[in-house]
Amino acid sequence: QVQLVESGGGLVQAGDSLRLSCEVSGQTLRMYGMGWFRQAPGKERQFVASISRSGDGIVYADSVKGRFTISRDNAKNTAYLQMNTLKPEDTAVYYCAAASTGWLTRVIREYDYWGQGTRVTVSS
């Protein structure tokens, strides 16, 4: 009954910005820690960012520190990933995920629910 739907992906040029959204239905967002992952064609899915249930704990992959910002609006049941200074190597399908523990985590197996993904393509 828990559904996660990503949106906001698209085609952009290097240096541009993009904001991804993840709307959660079936349960209130405040129950979950949230994470963003990405997967490029032929590559393994990799961690991008995570935020705790309350929003007071945040962790980023080294590759996106200083450029990406994860946030959440529990009243709107929506999590976000603001991506600035995009690079061609950021090109991937981006997935949001929810962890029922409420903790932030970079470990895939600790997430209980996943969205369908939204594609981000960054041209050079």
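With ring centers used as reference points, Tyr111 lies 6.0 Å or more from Tyr32. Note: Phe37 and Tyr95 fail the aromatic proximity criterion, with ring centroids not under 6.0 Å apart.
Not one N or O on the side chain of Arg106 forms a donor-acceptor pair closer than 3.5 Å with the backbone of Phe47. At least one donor-acceptor pair under 3.5 Å links the side chain of Thr78 to the backbone N or O of Lys76. A donor-acceptor pair is defined here as one N or O able to donate and one able to accept, closer than 3.5 Å; such a pair exists between the side chain of Ser52 and the backbone of Gly57. Between the side chain of Ser50 and the backbone N or O of Leu104 there is no donor-acceptor pair closer than 3.5 Å.
Surrounding CD of Gln13 are at most 12 heavy atoms belonging to other residues, nucleotides or ligands under 6.0 Å away. The environment of Gln116 atom CD is sparse: at most 12 non-hydrogen atoms of other residues, nucleotides or ligands sit within 6.0 angstrom. Around atom CD of Glu23, no more than 12 heavy atoms belonging to other residues, nucleotides or ligands sit under 6.0 Å away.
Not a single salt bridge (charged side-chain N to carboxylate O under 4.0 Å, His left out) links Arg72 to another residue, sequence neighbours left out.
Looking at heavy atoms from C-beta onward, Leu20 lies out of side-chain contact with Glu6 at the 4.5 angstrom threshold. Here the side chains of Ile108 and Trp114 are in contact, with some heavy-atom distance below 4.5 Å. The closest side-chain heavy-atom distance from Leu81 to Val48 is below 4.5 Å. Side-chain contact between Val12 and Met83 is absent, with no heavy atoms from C-beta onward closer than 4.5 Å.
Here the closest non-hydrogen pair linking Ala14 and Ser124 is CB-CA, 4.3 Å.
Side-chain heavy atoms closer than 4.5 Å link hydrophobic residues (I, L, V, M, F, W, Y) into clusters, and following such links, possibly through other members, connects Leu86 to Val64. A continuous path of Ile, Leu, Val, Met, Phe, Trp and Tyr side chains, each step under 4.5 Å between heavy atoms, connects Ile51 with Val2, placing both in one hydrophobic cluster. Met34 and Phe68 fall within the same hydrophobic cluster, defined by Ile, Leu, Val, Met, Phe, Trp and Tyr side-chain heavy atoms under 4.5 Å apart, directly or through other members.
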Next on the checklist: One pair to check against side chain to side chain contact (heavy atoms under 4.5 Å, CB included): Val120 and Arg38. What are the steps and the verdict?
Outcome noted: CA-CA 9 Å; Val120 173; Arg38 66 187 183 186; over 6 Å; no
Next on the checklist: Could you walk me through whether Ile58 and Ile70 satisfy the side chain to side chain contact (heavy atoms under 4.5 Å, CB included) test, starting with their C-alpha distance in whole Å, then the side-chain angles of each, then the deciding distance to 0.1 Å, before giving a yes or no?
Outcome noted: CA-CA 8 Å; Ile58 295 174; Ile70 187 172; 3.5 Å; yes
Next on the checklist: Please determine whether side chain to side chain contact (heavy atoms under 4.5 Å, CB included) holds for the pair Val122 and Glu89, giving the CA-CA distance in whole Å, both sets of side-chain angles, and the decisive distance to 0.1 Å.
Outcome noted: CA-CA 8 Å; Val122 185; Glu89 50 263 47; over 6 Å; no
Next on the checklist: Using the rule given for side chain to side chain contact (heavy atoms under 4.5 Å, CB included), can you reason through Gln46 versus Gln39, listing the C-alpha separation, both sets of side-chain angles and the distance that settles it, and then say yes or no?
Outcome noted: CA-CA 6 Å; Gln46 62 180 153; Gln39 187 167 17; over 6 Å; no
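Note: Met31 CE to Asp112 CG = 10.0 Å, rounded to the nearest 0.5 Å. Taken to the nearest 0.5 Å, the CG atom of Leu4 stands 10.0 Å off from the CG atom of Asn77. A distance of 8.0 Å separates CD in Gln82 from CG in Leu18, rounded to the nearest 0.5 Å.
Contact check on Asp62 versus Lys65 returns a salt bridge, with a Lys/Arg side-chain nitrogen under 4.0 Å from an Asp/Glu carboxylate oxygen.
Applying the disulfide (SG to SG under 2.5 Å) test to residues at least two apart or on different chains, the pairs with a partner in residues 95-124 are Cys22-Cys96.
With no hydrogens or angles considered, a side-chain donor-acceptor pair links Asn84 and Ser17 at under 3.5 Å. Between the side chains of Thr105 and Glu110, at least one donor N or O sits under 3.5 Å from an acceptor N or O.
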